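Index from 1, following the sequence. Below, all heavy atoms of this structure are taken into account, side chains as well, without hydrogens, waters or symmetry copies. Keep in mind that this is a model prediction, so the values were computed, not measured.
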Amino acid sequence: MFKDQRYLQYNAAGFRQDLIAGITVGIVAIPLGMAFAIASGVKPEYGLYTTIIAGLLVALFGGSRFQIAGPTGAFIPILLAIVLQYGYEDLLIAGFLAGIFLVIMGFLGVSNLIHFVPRSVTIGFTTGIAVIIFTGQFQNFFGLTGVEKKEFFHESMIEIARNSGTVNTFSILTAVIGLLVIFILPKIAPRIPLLLVALLIPTICSILFFPGKVETIGTSFGGIPQHLPSFHFPEITLSKLVALWQPALIIAALGAIESLLSAVVADGMKSDVPKHDSKRELFGQGIANMVTPLFGGIPATGAIARTATNIRSGAVSPVSGVIQSLFVLAFLLVFAPYASYIPLAAMAPILMYVAWNMSARKAFVQIVSLRSGDSLVLLTTFLLTIFLNLTIAVEVGILLAALSFLRKMSGALDIKESKLTEVEIFKLGADSGSKLIKYKLSGPLFFGTAKNFEDRYPKLLDIEQSIIILDMKNLTALDATGEAALSALLDEAKRLDKRLIFKKVPPNKVKLFKRSGLFDKIGERNFFMLF
């Protein structure tokens, strides 16, 4: 089914690079794996099991050279809701079913449909998830006791407020030390693994200066076993399948979006190697999520931050992902007993930091500022994610976006090469021998046509002409995704040292450009409104 070109021309030098990258990512993955598991309502070791097994299987069977898989923050609200409603055993079943769905998606080519999820929806639920993760750490940050985990955001906030009188000063001190490390360390030692140090320093401080005063992994969960769990196939019944298929489908859909987005980011960071195989990536993610629950692990997907760390550390092949898993396994076998001393308050700032980074703040503000249908879709998805659940949020968000699509749709986007007039050449201050070319854009440029537009970048820019005119007189619709596609085209043109000129942009689209900041990026001298 698949052709694996990820190991072409692999040699000893490449292995050395993968070894360094794998160990570096493993150091980052250890605290994240435990923190994500705890935030998802399960024991910390389950996060390590997931990091080891899913990381290994995605490296072997996935479609990207650099993808690092494991537990991620995006899954936290979904997994916590499943644990609270059904229990840990049924979470394993949901994860197993999600793996089956992902394999089916891979064979059916569903990866192509992921591109049709509007940016306003993905930014909406991603930012909503970030809010849930951030506020979900208040209990550990302040050392509150007697707090019961709740399924809904408002119930959790009420529960935290009700127990606000149980604040532990030592927990706050521990968490603040971790925050200071996160803020200061990148400025003085950017190459040191931030999250591991942000976990170790508060842990050491709590052991030396106020032992026994804060809740730890050991006191809360009884420590971490120094071995992998044995194989266990969960008991699957018809009633459980009926109850869990929808949560499993949401896990699979979110996992597909996250993993493919991570693979695309990796492609952008390493443009000198072949792009990822989307079908194979979903297949690998599916296999990983089918096997991981059989050893106690929770659902996993491609992790953008860890994948980026992998590339920055010099990885050249999936071997780095294998080494990452082996490194975490070695940690589990050798150092697991020491993890019992880690305070929960030391993990709170790490998850808050992760939530802050995944919140897509700039994109959120940018889309809201458009005051358009995209803004409504974004805010609706965001609020439903927080106050109800991700399932309803995504369904409603896509439905609203589809209605907006139908309203704006008046024909497919058409791009045709057109001759320049003498007036245009004169306005540009160019002579008849100048290297100029003009394209006419007709129809809508929005989330449904942006992918097709992006696929045509090479053809639009792979020419000898140094000045390219985009005639947008007949552009019927433009949304945040289309605006982002134009922004990406500008970046690519700049990289190729080509000038883009926007001609006859409709006034309402100019307003959108100005509100989003694209007008300044294009430059006023590259707007020609009249000719």
Would you say T126's side chain and I123's backbone share a donor-acceptor pair under 3.5 angstrom?
-> no
Checking S206 side chain against T203 main chain: does a donor-acceptor pair fall under 3.5 Å?
-> yes
Taking the side chain from T216 and the backbone from S340, do they hold a donor-acceptor pair closer than 3.5 Å?
-> yes
Should the pair F283 and F61 be assigned to parallel (<30°), tilted (30 to 60°) or perpendicular (>60°) ring geometry?
-> perpendicular
May I have the step-by-step check of side chain to side chain contact (heavy atoms under 4.5 Å, CB included) for L196 and V28, ending in yes or no?
-> CA-CA 6 Å; L196 184 64; V28 174; over 6 Å; no
H154-S156 side chain donor-acceptor pair, cut-off 3.5 Å | no
If you measure from CD1 on I68 to CZ on F66, what distance do you get to the nearest 0.5 Å?
-> 10.5 Å
Would you call the rings of F138 and F134 parallel, tilted or perpendicular if under 30° counts as parallel and over 60° as perpendicular?
-> perpendicular
Looking at Y46, F231, F96, which hits ring pair (Phe, Tyr, Trp, His ring centres under 6.0 Å) with F295?
-> F231
Neighbour count above 12 (heavy atom, 6.0 Å) for K213 NZ = no
Side chain S262, main chain E258, donor-acceptor under 3.5 Å = no
Side-chain donor-acceptor contact under 3.5 Å, E215 with S171 | no
Value for CG (L333) from CD1 (I52), rounded to nearest 0.5 Å, stands at 7.5 Å
Any donor and acceptor pair, going by atom type alone, linking the side chain of S313 with main-chain N or O of A21 inside 3.5 Å?
-> no
Do the non-hydrogen side-chain atoms of T301 and Q285 ever get within less than 4.5 Å of each other?
-> yes
Determine, stepwise, if the pair L379 / F364 fulfils side chain to side chain contact (heavy atoms under 4.5 Å, CB included).
-> CA-CA 9 Å; L379 291 173; F364 187 94; 3.9 Å; yes
Within the distance-only criterion (no hydrogens, no angle test), does the side chain of N289 pair as donor or acceptor with the backbone N or O of A300 below 3.5 angstrom?
-> yes
Heavy atoms only: give me the nearest D18-S317 pair and the separation to one decimal.
-> OD2-OG, 2.6 Å
Considering non-hydrogen atoms only, spot the tightest contact between P186 and P190 and give its length.
-> O-CB, 3.4 Å
Any chance you could measure M34, atom CE, to T50, atom OG1, to the nearest 0.5 Å?
-> 13.0 Å
So, does R361 use its side chain to make a donor-acceptor pair with the main chain of W356 at under 3.5 Å?
-> yes
For the residue pair T307 and V265, establish whether any side-chain heavy-atom pair is separated by less than 4.5 Å.
-> no
Please report the closest heavy-atom contact between Q226 and P337, naming both atoms and the distance.
-> OE1-CG, 3.4 Å
Go through the steps to decide whether K279 and E281 satisfy the test salt bridge (Lys or Arg N to Asp or Glu O under 4.0 Å), and finish with yes or no.
-> CA-CA 5 Å; K279 290 185 178 180; E281 182 61 29; over 6 Å; no
Just do the salt bridge (Lys or Arg N to Asp or Glu O under 4.0 Å) check on R162 and E159 with the steps written out, would you?
-> CA-CA 5 Å; R162 185 181 294 130; E159 183 71 9; 2.7 Å; yes
Under 4.5 Å between any side-chain heavy atoms of F125 and V394, yes or no?
-> yes
To the nearest 0.5 Å, atom OH of Y88 lies from atom CD1 of I298 at 8.5 Å
Side chain to side chain contact (heavy atoms under 4.5 Å, CB included) assessment of T24 paired with T309 = CA-CA 8 Å; T24 302; T309 300; 4.2 Å; yes
Heavy-atom pair of closest approach, residues P202 and V197 | CD-O, 4.0 Å
Where the side chain of D277 meets the backbone of R280, is there a donor-acceptor pair that is under 3.5 Å apart?
-> yes
Any L200 side-chain heavy atom under 4.5 Å of V181 side chain | no
So do V368 and L378 actually touch side chain to side chain, heavy atoms under 4.5 Å?
-> yes
Begin from the C-alpha positions of V25 and F327 and carry the test side chain to side chain contact (heavy atoms under 4.5 Å, CB included) through to its verdict.
-> CA-CA 9 Å; V25 177; F327 180 85; over 6 Å; no
Minimum-distance pair of heavy atoms, taken over all atoms of L48 and V328 = CD2-CG1, 4.1 Å
Given side chains that start at C-beta, do those of V214 and L344 come closer than 4.5 Å, heavy atoms only?
-> no
How many angstroms lie between CG in L91 and CD1 in I251, if you round to the nearest 0.5 Å?
-> 6.5 Å
Are the side chains of V316 and R65 in touch, meaning some heavy atoms are under 4.5 Å apart?
-> no
Where the side chain of D267 meets the backbone of H276, is there a donor-acceptor pair that is under 3.5 Å apart?
-> yes
Atom pair CG/CD1 of L179 and I184 - distance to nearest 0.5 Å = 10.5 Å
For residues I129 and I76, determine if any side-chain heavy atom of one lies less than 4.5 Å from a side-chain heavy atom of the other.
-> no
Shortest non-hydrogen pair, A336 vs I224, comes out as CB-O, 3.6 Å
Would you sort out whether H232 and E89 count as a side chain to side chain donor-acceptor pair (under 3.5 Å), showing the intermediate values?
-> CA-CA 11 Å; H232 169 66; E89 186 74 12; 3.1 Å; yes
Check: T380 side chain, G397 main-chain N or O, donor-acceptor pair, under 3.5 Å | no
Answer with yes or no after comparing the ring centroid distance for F170 and F210 against a 6.0 Å cut-off, counting only values under it.
-> yes
